[in-house]
Amino acid sequence: MTGTPSNMIPVKSTSHKAVIPFYSYAALSFLAAATLLLFSADAFNQHYFHPHTLAITHLMALGWGTMIILGASHQLVPVLIEGKLYSNILAYVSFILAALGIPLLVYGFYTFNMGPATQCGAGMINGAILCYLLNLIASFAGSRNENVHAVFVFTAALWLFSTTLVGLLLVCNFSSNILPADSLHYLSMHAHMGIVGWFLLLVIGVGSRLIPMFLISKYTNVKLLWRVYLLINSGLVAFIILFLYYRRPAIYFIPVAAVLVALLLFGYYCYQSYKARIRKQVDDQVKISILSVSMTVFPVLILIVLIIGLSLAMENSRLVLAYGFAVFFGWITAIIMGMTFKTLPFIVWNKVYHQIAGLGKTPNPKDLFNEKIFTGMSLAYLAGFLLFTAGVLCSCMAVIKIASLLLFLSALLYNLNVVKIIIHKPRTT
């Protein structure tokens with residue numbers, strides 16, 4: 001293939017230096033989380049507030065999920081608004097603050113020491129998110145193009161900052177008692193602000209743009225996406241109000257129902273995009289991303305069972321652990337695995353070949369990574385995810401340890417392919 005690949009994200013002005021470090025950090029975080037999971041498997045047979053479980057959860061949520069999304073956003077937001085990223089410098093500062101703050105926070109949870117170092121880490125993460133949010137605000141302000149996808153991303157960023165701010169308060173609350181109740185009391189609210197407000201809104205906002213793009217589909221339905229947007233935000237706001245002022249577990253079915261309807265509508269959107277696709281053969285990366293859309297229903301079903309249990313005054317720690325695992329190692333990880341190998345190869349391809357495109361034949365972006373390693377990663381991941389979930393629900397340590405090893409292998413293969421892409425050297429014929 002010669003020249004710029006077709007059907008790819010349009011070239012924008014964001015420097016690869018504001019994107020690739022986030023991908024690299026996220027890949028290492030995924031490997032670190034899988035390593036901790038391998039050596040702390042026993043924690044998943046205990047209470048969900050176990051220090052090691054908290055450390056792994058935050059490493060997955062911040063180091064893995066959030067860092068790679070922040071990096072990808074610096075490249076994708078200009079595509080959504082058809083403009084430029086306001087500041088690469090703010091992106092660099094955001095990376096540095098988060099890269100330093102996340103290990104401090106994770107180590108604090110792992111040792112369960114919420115002292116000054118952990119509080120400093122939480123504060124640095126808030127600073128990183130604030131830089132990211134300011135960058136978005138300035139980028140949107142400088143663009144004349146407003147669309148539903150950009151609104152999803154901006155609202156998700158607001159929820160992210162709210163989530164990390166609440167997290168900072170919860171960390172400080174361990175030693176200063178600045179909140180009316182203990183930190184464990186607010187854990188559910190904090191978690192769902194991040195899961196629903198940040199991850200779900202962001203994924204739908206970006207996915208509703210990228211999935212049709214990668215499928216080469218002309219399908220669009222802005223009204224449906226606005227309904228999804230309103231359902232998710234109204235459901236999350238309702239949950240927070242009910243949590244703070246009307247703690248009756250049975251009534252949580254209302255916000256959960258709103259989010260579930262939103263997920264079904266988004267699933268319909270993806271299905272229609274798939275039906276209307278021009279490209280009939282779908283590559284494995286997009287298949288995993290589409291699979292991850294259906295995987296969102298699984299955590300919701302677990303959540304419904306949890307609410308039923310709470311309504312009957314029966315809290316089940318195994319279900320809570322399975323729910324959290326299904327969110328971070330299931331849905332979010334599947335999305336990232338699929339989209340990494342659709343976006344990162346093009347970012348690196350653009351860095352390496354943009355100046356010499358047209359001077360000779362250049363490889364396709366998909367040639368920058370190894371398909372066999374990708375397939376092995378996908379199989380190890382899927383088997384590990386299913387086995388680990390079953391092991392947690394059945395409280396079977398042997399299954400959990402086998403599954404942990406498979407997930408570690410998947411993370412290792414993911415890193416091998418990411419490194420292969422990042423260190424790619426130009427070659428033309």
Side-chain angles (χ1 to χ4, degrees), residues 4-5 7-27 62-63 65-102 124-161 164 198-199 201-211 213-214 335-336 339-340 342-355 357 365 418 421-422:
T4 304
N7 73 317
M8 296 303 291
I9 303 169
V11 177
K12 293 292 176 181
S13 60
T14 305
S15 170
H16 64 273
K17 296 177 182 178
V19 179
I20 293 178
F22 287 90
Y23 276 86
S24 303
Y25 192 96
L62 295 170
T66 296
M67 284 294 271
I68 204 165
I69 291 173
L70 293 183
S73 294
H74 293 140
Q75 185 77 22
L76 296 175
V77 164
V79 177
L80 298 180
I81 64 175
E82 298 179 9
K84 296 181 179 180
L85 184 71
Y86 173 73
S87 171
N88 286 331
I89 293 177
L90 277 175
Y92 303 150
V93 174
S94 178
F95 172 77
I96 292 170
L97 288 173
L100 295 175
I102 290 171
M124 294 174 76
I125 292 168
N126 274 270
I129 304 308
L130 183 59
C131 289
Y132 170 71
L133 184 58
L134 292 174
N135 215 354
L136 286 188
I137 292 172
S139 299
F140 292 157
S143 171
R144 296 180 180 179
N145 182 43
E146 295 180 5
N147 57 66
V148 64
H149 311 287
V151 174
F152 265 94
V153 172
F154 179 67
T155 308
L158 291 175
W159 279 115
L160 174 61
F161 184 63
T164 56
W198 166 233
F199 286 115
L201 270 181
L202 193 287
V203 165
I204 290 178
V206 173
S208 60
R209 177 72 175 91
L210 291 186
I211 288 176
M213 179 187 293
F214 291 139
I335 290 172
I336 293 174
M339 285 303 176
T340 294
K342 289 297 292 185
T343 57
L344 182 60
F346 177 72
I347 293 166
V348 174
W349 186 97
N350 188 48
K351 179 193 76 168
V352 175
Y353 294 106
H354 180 62
Q355 299 298 328
V418 167
I421 295 170
I422 292 174

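From a predicted model like this one, the values you see are computed outputs, not experimental measurements. For reference, positions follow the sequence shown, starting with 1.
Here the shortest heavy-atom pairing between Ala18 and His74 reads O-ND1, 3.1 Å. The nearest pair of heavy atoms linking Asn126 to Phe161 is O-CE1, 3.8 Å. Shown here for Tyr92 and Ser15, the closest heavy-atom pair between the two residues is OH-OG, 3.9 Å. Closest non-hydrogen pair, Pro345 versus Thr340, comes out as CD-O, 3.2 Å. The shortest non-hydrogen separation linking Phe95 to Phe22 is CB-CZ, 3.4 Å. Among all heavy-atom pairs drawn from Ala72 and Tyr23, the shortest one is CB-OH, 3.5 Å.
A donor atom on one side chain and an acceptor atom on the other are not found under 3.5 Å apart for Asn135 and Ser87.
Leu85 CG to Leu136 CG: the interatomic distance, rounded to the nearest 0.5 Å, is 8.0 Å. Taking CG of Leu160 as the start and CG of Leu130 as the end, the distance is 11.0 Å to the nearest 0.5 Å. Here NE2 of His16 is found 11.5 Å from CG of Leu344. Values are rounded to the nearest 0.5 Å. The distance from atom CE of Met213 to atom OG of Ser208, rounded to the nearest 0.5 Å, is 10.5 Å. In this structure, Thr343 OG1 and Gln75 CD are separated by 8.5 Å, a value rounded to the nearest 0.5 Å. Atom CZ of residue Phe154 and atom OG of residue Ser73 lie 13.0 Å apart, to the nearest 0.5 angstrom.
Residue-environment remark: OH (Tyr86) stays at or below the threshold of 12 foreign heavy atoms within 6.0 Å. Within a 6.0 Å radius of CD1 in Ile89, other residues, nucleotides and ligands contribute 12 heavy atoms or fewer.
Within the 4.5 Å cutoff, the side chain of Ile125 has no heavy atoms near those of the Leu97 side chain. Inter-residue side-chain proximity for Arg209 and Leu80 is flagged as met; some heavy-atom pair is nearer than 4.5 Å. With a 4.5 Å cut-off on side-chain heavy atoms, Ile211 and Met339 count as touching. Using a 4.5 Å heavy-atom threshold, the side chains of Leu90 and Tyr132 count as separate. Put simply, the side chain of Ile102 reaches to within 4.5 Å of the side chain of Met67, judged on heavy atoms. Taking 4.5 Å as the limit, some side-chain heavy atom of Thr66 sits within range of a side-chain heavy atom of Phe199. Contact check for Leu76 versus Leu210: side-chain heavy atoms found under the 4.5 Å cut-off.
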Check the pair Leu70 / Ile129 against side-chain contact (heavy atoms from CB on, under 4.5 Å), numbers first and verdict last.
-> CA-CA 9 Å; Leu70 293 183; Ile129 304 308; 4.2 Å; yes
side-chain contact (heavy atoms from CB on, under 4.5 Å) evaluation trace for Val206 with Phe152 = CA-CA 8 Å; Val206 173; Phe152 265 94; over 6 Å; no
